[in-house]
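Every chain is numbered from 1 and lettered A, B, ... according to where its sequence line falls, protein lines coming before strand lines.
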Amino acid sequence: MDSLKIATFNINGIRARRTNLLEWLEREQPDVVCLQELKAQDADFPIDDIRAAGYGAIWHGQKSWNGVAILSKGDDPLEIRRGLPGDPDDTHSRYLEAAAHGVIVACLYLPNGNPQPGPKFEYKLAWFERFIKHAAGLFDNGHPVVLAGDYNVVPTDEDIYNPRSWTKDALLQPESRECYERLLAQGWTDALRAKYPDARIYTFWDYFRQHWQKNSGLRIDHLLLSADLAPRLIDAGVDRWVRDQEHASDHAPTWITLKGEASGKAVQEKPAKRSKAKTTQ
DNA sequence: ATGTCTTTCGAGGAAAGA
């Protein structure tokens with residue numbers, strides 16, 4: 001059966017992690033990849049290596065911090081949007097949107113927000129509000145959409161090894177969680193949680209106190225599916241072997257597979273005669 | 001409070017962000 005694999009990976013410095021990335025692409029062969037925390041300027045994005053691995057890419061870099069990219073196997077993603085609308089003074093490179101393999105892919109790197117309270121937390125919540133507003137339009141646009149990235153939100157206490165030492169952290173604040181809930185309430189499906197409702201799933205293990213070795217992780221990298229994509233979800237998972245490598249990022253690639261064509265062009269036009277009524281799979 | 005890693009600046013090691 002044809003299927004489409006879409007992944008999100010906070011790479012924590014693409015120059016320091018170039019070989020980790022190429023090894024992962026080679027082994028897992030995702031069709032579409034969202035990368036966050038490039039920590040590199042546009043000119044330092046290793047596009048030649050990525051092309052040699054069989055991927056086209058678009059990227060939005062920034063010196064030292066942030067930076068996002070979308071990779072597409074076999075062709076270039078068709079860029080739709082660079083930067084989140086709603087604040088012309090926001091200089092952070094945290095958002096890219098493109099069409100690839102018949103799906104609209106939003107790649108996001110939501111602000112961390114620590115320390116909390118403070119201006120960084122205010123920025124996080126303001127950014128989240130802008131994203132919620134933009135996502136509402138995406139949900140209704142009639143195309144299949146995936147919102148993939150590092151949300152810097154632990155949705156519930158089931159998404160962390162032990163919330164006790166993190167109660168003051170921006171990733172667990174009620175305000176952060178409430179924003180995530182409000183986003184889901186638009187109708188999006190949290191793919192990993194939908195596929196595995198009761199499993200402990202982590203995507204991030206910080207570098208402190210041997211958290212990886214003890215599997216003391218957090219689930220903060222999410223893939224949200226629009227209404228017409230949710231029934232196409234086949235499987236979801238985390239490539240934990242990447243986190244176990246030497247010089248690994250503190251995140252692991254997180255992925256879904258969807259029923260349907262993996263090859264082909266960018267977003268296809270909807271058939272003209274198609275009614276807007278929801279069809280069941 | 002701590003812990004570790006990557007970045008910049010600039011030439012060794014410190015500071016900041018996560």
### Message
Without decimals, in angstroms, what is the distance between A:N10 CG and B:dT6 P?
### Response
13 Å
### Query
Quick one: A:Q213 CD to B:dG3 P, roughly how many Å, whole number?
17 Å
### Query
Would you find more than 12 non-hydrogen atoms of other residues, nucleotides or ligands less than 6.0 Å from A:E26 atom CD?
no
### Task
For B:dG12 versus B:dT8, give the span between their C1' atoms, rounded off to a whole number of Å.
13 Å
### Query
Side chains of A:E175 and A:Q116: is there a donor and an acceptor less than 3.5 Å apart?
no
### Message
Need to verify one output field. Residue with the more 5' nearest nucleotide on DNA chain B, A:D44 or A:N66?
### Response
A:D44
### Summary
Among B:dT6, B:dT8, B:dT2, the one nearest any side-chain atom of A:K39 is B:dT6
### Interatomic distance where NE2 belongs to A:H211 and P belongs to B:dA18 [whole Å]
19 Å
#### Entry: Closest listed nucleotide, where the reference is the side chain of A:E37 and the choices are B:dA18, B:dT6, B:dT8
B:dA18
#### Entry: Rounded distance in Å - CZ (A:F204) to C1' (B:dG17)
12 Å
### Among B:dT8, B:dT2, B:dA18, the nucleotide that comes nearest once only the side chain of A:R209 is considered
B:dT2
### Query
Taking only side-chain nitrogens and oxygens of A:K63, does any of them come within less than 4.0 Å of OP1 or OP2 of B:dT8?
no
### Task
May I ask you to check whether A:D221 and A:T254 show a side-chain donor-acceptor distance below 3.5 Å?
no
## Note on the structure
A:D206 atom CG is separated from B:dA18 atom C1', nearest whole Å, by 9 Å
### Message
Is it true that A:K39 and A:N12 share a donor-acceptor pair across their side chains at a distance under 3.5 Å?
### Response
yes
### Query
Does a side chain donor of either A:E28 or A:W241 reach within less than 3.5 Å of an acceptor in the other side chain?
yes
#### Entry: 5' precedence on DNA chain B between A:N112 and A:A40 (nearest-nucleotide basis)
A:A40
### Shortest side-chain distance from A:F208, nucleotide among B:dG3, B:dT8, B:dG17
B:dG3
### Message
Can you check the distance between B:dG10 and B:dA15, where both ends of the measurement are the P atom (answer in whole Å)?
### Response
15 Å
#### Entry: Gap between atoms CG and P, on A:L171 and B:dA18 respectively (whole Å)
11 Å
### Task
Take atom C1' in B:dA18 and the same atom in B:dG3, then report the distance between them in whole Å.
13 Å
### Task
Using the P atom as the reference point in each nucleotide, state the distance between B:dG13 and B:dT2 in Å, no decimals.
23 Å
### Task
Examine B:dT7: is either OP1 or OP2 under 4.0 Å from a nitrogen or oxygen in the side chain of A:R17? Give yes or no.
no
### Message
With no hydrogens and no angle check, just 3.5 Å: does a side-chain donor-acceptor pair link A:K5 and A:Q29?
### Response
no
### Message
I need the CG-P distance between A:D150 and B:dG17, as an integer number of Å.
### Response
18 Å
### Task
Could you work out which one of B:dT2, B:dA16, B:dT4 sits closest to the side chain of A:W65?
B:dA16
### Message
In whole Å, I'd like the distance from the CG atom of A:N12 to the C1' atom of B:dA16.
### Response
14 Å
